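Please read the structure below before turning to the comments.
Predicted, not measured: the structure shown is a model, and the values here were computed from it. Values reported hereafter were calculated over all heavy atoms of this structure, with side chains retained and with hydrogens, waters and symmetry mates removed. A note on names: the letters A, B, ... follow the listed sequences, proteins ahead of strands, and every chain is numbered from 1.
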Protein chains: 2
Amino acid sequence: MNSINLNRHDIKRSIKAATGTTLSAKSWLTEAPLRMLMNNLDAEVAEHPQDLVVYGGIGRAARNWACYDKIVEVLKRLESNETLLVQSGKPVGVFETHENAPRVIIANSNLVPHWANWEHFNELDKQGLMMYGQMTAGSWIYIGSQGIVQGTYETFVSVAKQHFAGDASGRWVLTAGLGGMGGAQPLAATMAGFSMIDVEVDESRIDFRLKTRYLDKKATSLDEALAMIDAAKSNGEAVSIGLLGNAADIFPELVARGVVPDVVTDQTSAHDPLNGYLPKGWSMQQAADARKRDEAAVVAAAKASMAIQVKAMLELQARGAATLDYGNNIRQMALEEGVENAFDFPGFVPAYIRPLFCQGIGPFRWVALSGDPQDIYKTDAKIKELIPDDPHLHNWLDMARERIQFQGLPARICWVGLKDRARLGAAFNDMVASGELSAPIVIGRDHLDSGSVASPNRETEAMLDGSDAVSDWPLLNAMLNTAGGATWVSLHHGGGVGMGFSQHSGMVVVCDGTAEAGQRVARVLRNDPGTGVMRHADAGYQIAVDCAHEQGLDLPMLDQSN
Amino acid sequence: MNSINLNRHDIKRSIKAATGTTLSAKSWLTEAPLRMLMNNLDAEVAEHPQDLVVYGGIGRAARNWACYDKIVEVLKRLESNETLLVQSGKPVGVFETHENAPRVIIANSNLVPHWANWEHFNELDKQGLMMYGQMTAGSWIYIGSQGIVQGTYETFVSVAKQHFAGDASGRWVLTAGLGGMGGAQPLAATMAGFSMIDVEVDESRIDFRLKTRYLDKKATSLDEALAMIDAAKSNGEAVSIGLLGNAADIFPELVARGVVPDVVTDQTSAHDPLNGYLPKGWSMQQAADARKRDEAAVVAAAKASMAIQVKAMLELQARGAATLDYGNNIRQMALEEGVENAFDFPGFVPAYIRPLFCQGIGPFRWVALSGDPQDIYKTDAKIKELIPDDPHLHNWLDMARERIQFQGLPARICWVGLKDRARLGAAFNDMVASGELSAPIVIGRDHLDSGSVASPNRETEAMLDGSDAVSDWPLLNAMLNTAGGATWVSLHHGGGVGMGFSQHSGMVVVCDGTAEAGQRVARVLRNDPGTGVMRHADAGYQIAVDCAHEQGLDLPMLDQSN
Ligand SMILES: NC(=O)c1ccc[n+]([C@@H]2O[C@H](COP(=O)([O-])OP(=O)(O)OC[C@H]3O[C@@H](n4cnc5c(N)ncnc54)[C@H](O)[C@@H]3O)[C@@H](O)[C@H]2O)c1
Ligand SMILES: NC(=O)c1ccc[n+]([C@@H]2O[C@H](COP(=O)([O-])OP(=O)(O)OC[C@H]3O[C@@H](n4cnc5c(N)ncnc54)[C@H](O)[C@@H]3O)[C@@H](O)[C@H]2O)c1
């Protein structure tokens, strides 16, 4: 057992995806997953690459190093009519399919519901039988913190619209967590005009975000941080501050002092009480030791601390702060600890994101396999050309270019929907064909998207028809993307909100410039957001019904009462 | 709400699949699911066709009659590059795919784990948002009781081998339930040489099984039934008796009388305590009324009765009966009622079926779309020709032909494995091509198969490596069959053992005699059992490892220690 665990930690590993146009696999369709797997484990990209951990607590790219090596080996030999199966990060089989089938099919962390909890998962994980894939970690389309910047930015812009008449100046956000996803918060906040105090227990995470310029300043006491906020306010600036401390201390301290932030949220890895949340009063070393000795004690202490933090969030909400759950399931944890009104503050999806999902709009993204930033800048320009009439989107692209440092292979995120995805993909494929781009592009998205996830405490919270927990939808999405010819497809459980609370699917499709790829891209990038519009139209959202009609989706029961 | 429910019951409906070679759909690839959907609801096939209930408690073929009509309409217009998506029995979308993609993709009854229980399901079901698909009900490859006869027969043969030196003569089995699946028990028992008392509360079910000759006799008292057993014993015959009564009365009554059967099992629909098990002392009408008034009371009474029945099963086991759970989750229900040693008797899979699964052997089946029994007899002969050296299999085919009456479209079940499925499929496709068969054949299987299900209280109980609850495997199976070009593919939750306890996938592929179908059939019928061998090899079963080597499966980590 120990040997299996050790096998996950290898300090000699330093991984970087190849760039340029020389292939080590047999075609771009297999070179692409190879580079993207490696890119997920690039030290610039992953949180703990030597443990195979990409982001989000223990979200891994492969089960252990032996499995990683074997995946690489198989991708290099895989033929264009073969498909590799990956089971919780382990390459378990290669089967004959055909050219329009995915080259890789992935299922990570899935458990039969009655056993779908962290206790059972951790047992299997320890025995080397499973791996936590989070969302894009195990499905090889994580692009560093940029992947979450825009979603967070869009959310903060919506918060400003709903609560502050669109003007965030002089306002500030309290949050916690500067990990893989959480680290996007300070940049997104200042982009949207807010200042921010982001509480983080791990100083190395603060320093890492300072280095990548996602974060402006560091503070080591609440006094210092509040003084920085005041200074920014008087200067009419937006500043982001990483405050070294524990959220379960700092949040109640603000309540005690009577200081009320304008916005309150949290992005610690509360979804994983064993590995993702440092209990109040504990040092990081103490937690690391205790995890080896007594898992139940760590979980109990972490959940007790989360309850304290959530009570402070509720109190700050009562005193007027716009408070939201940012998708880490902290309300559920507090509820299980007896905080009965934990769900009194809303999740960010029903509050701010659902209207976008109704149009199939979500975290669309693409990566330049060349490694050349110019390729991304050319696609940025192409988007502006093809969507000339959307100043908000143009503004996003400009800010992204200016303020977001690439991590690993150059990539771009850009929230667009059913209306646009297929034509953008077709244009990118044409640019590869013509040589305008120096190598192929992969196009994918987060699992947190319109048609790809069932997660009643997050993406599907408070659906109009009460169908929050129905997970037929992401399964249909995965099978349809498989049928359509996405290059790799994945089905995961427990991403974002943890074991038992979500099921979701991913897809990535390669634009290699061929006509065949053009057809696959056209199909997949219409079908994939199409299932999102379908799912929301079926639930009764008028925006989705209208979008389905406008975009000519074929939804047989749409205009029937059943 | 009421109108939705009513919409599920329509006494004017009387459905029969078309036969012959005139198509009402645009190709055989869409005609096939159309006929098979209709065949599932044929009065000869389904348990309660006018309620859309095919078998297994409330296992349905479509969500309601409006959805059924729409599925029929869409299948008739579906093009050969389009795919219909079905979500819990509702046709929700048609998307463009390609000729080698499935024509129908189905996801039934799937719920995010934390909400995956009967209470939540029933709420959604009542609101018209879901449907219980069981295994082959919602995936349109149920073939009547024959589908289960062979599996039950193989199990009883194994029981005789393990416990009675291969000789069942003079021995008898006690069981309950004569529903869609349970009704196969008496025929399978007598085929294997056992007599049987099968306790059933619903006299119409007894009469139905008498009519189809699955059952030999009816008794209305235990005395009468036991006398029949004695008579059979003295005549050296095997006889099956349907005893009108409640299992929760009769099983303890045998304990009280000190009568010990040789084998004890049960096949009531215990997996569904609301709809599937009549509480002790209740009339069927009383239960029907109570279901409308107070669901919780029905569930409580049913589970209390199951606990009584399981206690009697444990006592009969202690007194020497070979006792087994036949896959309806009755042990779990009793456990939840406080019967702590409920799992002391084994499930039938680890006890009798797993060695077959290790070789990809499972309930392979096919149906003649012509409606002509001769087509099946010709395939029977072809099997004997292609597998000349297996007297047990030949014997099965002979008995099946002699004793099994077709229900609906003529069909055959025949447990074969990785070694044989693809070549049998190829041979059938050739027979269609040459005109030897009068119309295309569909080939499918139960979800209860080697690589297609995770169900820790049944198919994956007591796996060698403890991976019982890992459901990555059936998801990979479904996606691989989608990638390979099965004609329809399904992913279900809760089949067999009920909500929360299983995830599983189905596939059906059409042999229309074309070369393209030949390729698809070859791929799918190798890959599908291949995933079963893979799953069992990964768990460490030597039979599976050997089979993988013999059959040349490409399992990258197989000979590695990871
Ligand atoms: N809203 C979204 O769109 C979205 C998307 C992805 C992930 N998430 C969720 O957000 C959460 C964070 O994701 P991540 O990738 O940043 O995770 P991560 O594990 O990389 O980072 C979590 C950070 O929280 C810090 N932390 C832990 N306990 C703390 C405490 N008590 N006080 C202060 N800091 C503490 C850790 O040191 C770590 O740096 C996860 O639950 C994830 O599932 C949300
Ligand atoms: N082992 C297998 O291979 C396998 C395969 C499929 C299904 N199953 C399981 O077997 C069970 C039966 O399936 P089915 O399709 O026959 O279901 P069904 O609902 O069609 O039939 C169940 C029968 O049990 C009878 N019954 C209910 N309560 C009773 C009681 N207290 N005493 C006596 N009879 C009672 C009902 O009247 C009904 O006829 C289900 O749980 C199903 O999931 C097992």
As an exercise: rank [options] by heavy-atom pairs under 4.5 Å with chain B and give me the winner.
options: A:A548, A:P474, A:G484, A:G530; answer: A:G530
options: A:H493, A:R526, A:H492; answer: A:H493
options: A:V489, A:L129, A:D465, A:L476; answer: A:L476
options: A:L555, A:T531, A:V470, A:N481; answer: A:V470

Where does [X] contact chain A at under 4.5 Å (heavy atoms): side chain, backbone, both or neither?
X: B:T460; answer: neither
X: B:S88; answer: both
X: B:V92; answer: both
X: B:I106; answer: backbone
X: B:H120; answer: side chain
X: B:L124; answer: side chain
X: B:L553; answer: side chain
X: B:M534; answer: side chain
X: B:E73; answer: neither

Any residues in residues 77-86 of chain A near chain B, with a heavy-atom distance under 4.5 Å, and which are they? A:R77, A:L85, A:V86
Check whether [X] gets within reach of chain B through its side chain, its backbone, both or neither, counting any heavy atom under 4.5 Å.
X: A:V74; answer: side chain
X: A:N117; answer: neither
X: A:Q519; answer: neither
X: A:M479; answer: both

Over all heavy atoms of both residues, which pair between [X] and [Y] is shortest? Give the atoms and the distance, please.
X: B:V524; Y: B:A486; value: CG2-N, 3.6 Å
X: A:S109; Y: A:M499; value: CB-CE, 4.0 Å
X: A:L558; Y: A:A537; value: CD1-CB, 4.0 Å
X: A:S450; Y: A:V533; value: OG-N, 3.9 Å
X: B:N527; Y: A:T97; value: ND2-CG2, 4.4 Å
X: B:Y132; Y: B:F121; value: N-CZ, 3.4 Å

Salt bridge flag under 4.0 Å for residues B:E461 and B:R331: yes
Any carboxylate oxygen within less than 4.0 angstrom of a Lys/Arg side-chain nitrogen, looking at B:D472 and B:R535? no
B:H98 and A:N100: side-chain hydrogen bond (donor to acceptor under 3.5 Å, both in side chains), yes or no, with the steps? CA-CA 9 Å; B:H98 55 76; A:N100 280 313; 5.0 Å; no
Return the option, out of B:A101, B:G485, B:A483, B:G466, with the maximum number of heavy-atom pairs under 4.5 Å with chain A. B:A483
Sort out for me which of B:A454, B:A539, B:S471 touches chain A most, counting heavy-atom pairs under 4.5 Å. B:S471
side-chain hydrogen bond (donor to acceptor under 3.5 Å, both in side chains) between A:S139 and A:H447, intermediate numbers included: CA-CA 9 Å; A:S139 61; A:H447 296 205; 2.9 Å; yes
If you define the side chain from C-beta out and look only at heavy atoms, does anything of A:Q503 sit under 4.5 Å from B:P113? yes
Validation row: A:V497, A:Q332 side chains within 4.5 angstrom (heavy atoms): no
Kindly indicate, with the supporting measurements, whether the criterion ring pair (Phe, Tyr, Trp, His ring centres under 6.0 Å) is fulfilled by B:F501 and A:W115. CA-CA 8 Å; B:F501 291 96; A:W115 292 264; 5.8 Å; yes
Determine whether A:D125 and A:R8 satisfy the following criterion, salt bridge (charged side-chain N to carboxylate O under 4.0 Å, His left out), listing intermediate values before the conclusion. CA-CA 11 Å; A:D125 193 36; A:R8 281 188 166 173; 2.8 Å; yes
Quick one: do the B:N477 and B:S452 side chains pair a donor with an acceptor below 3.5 Å? no
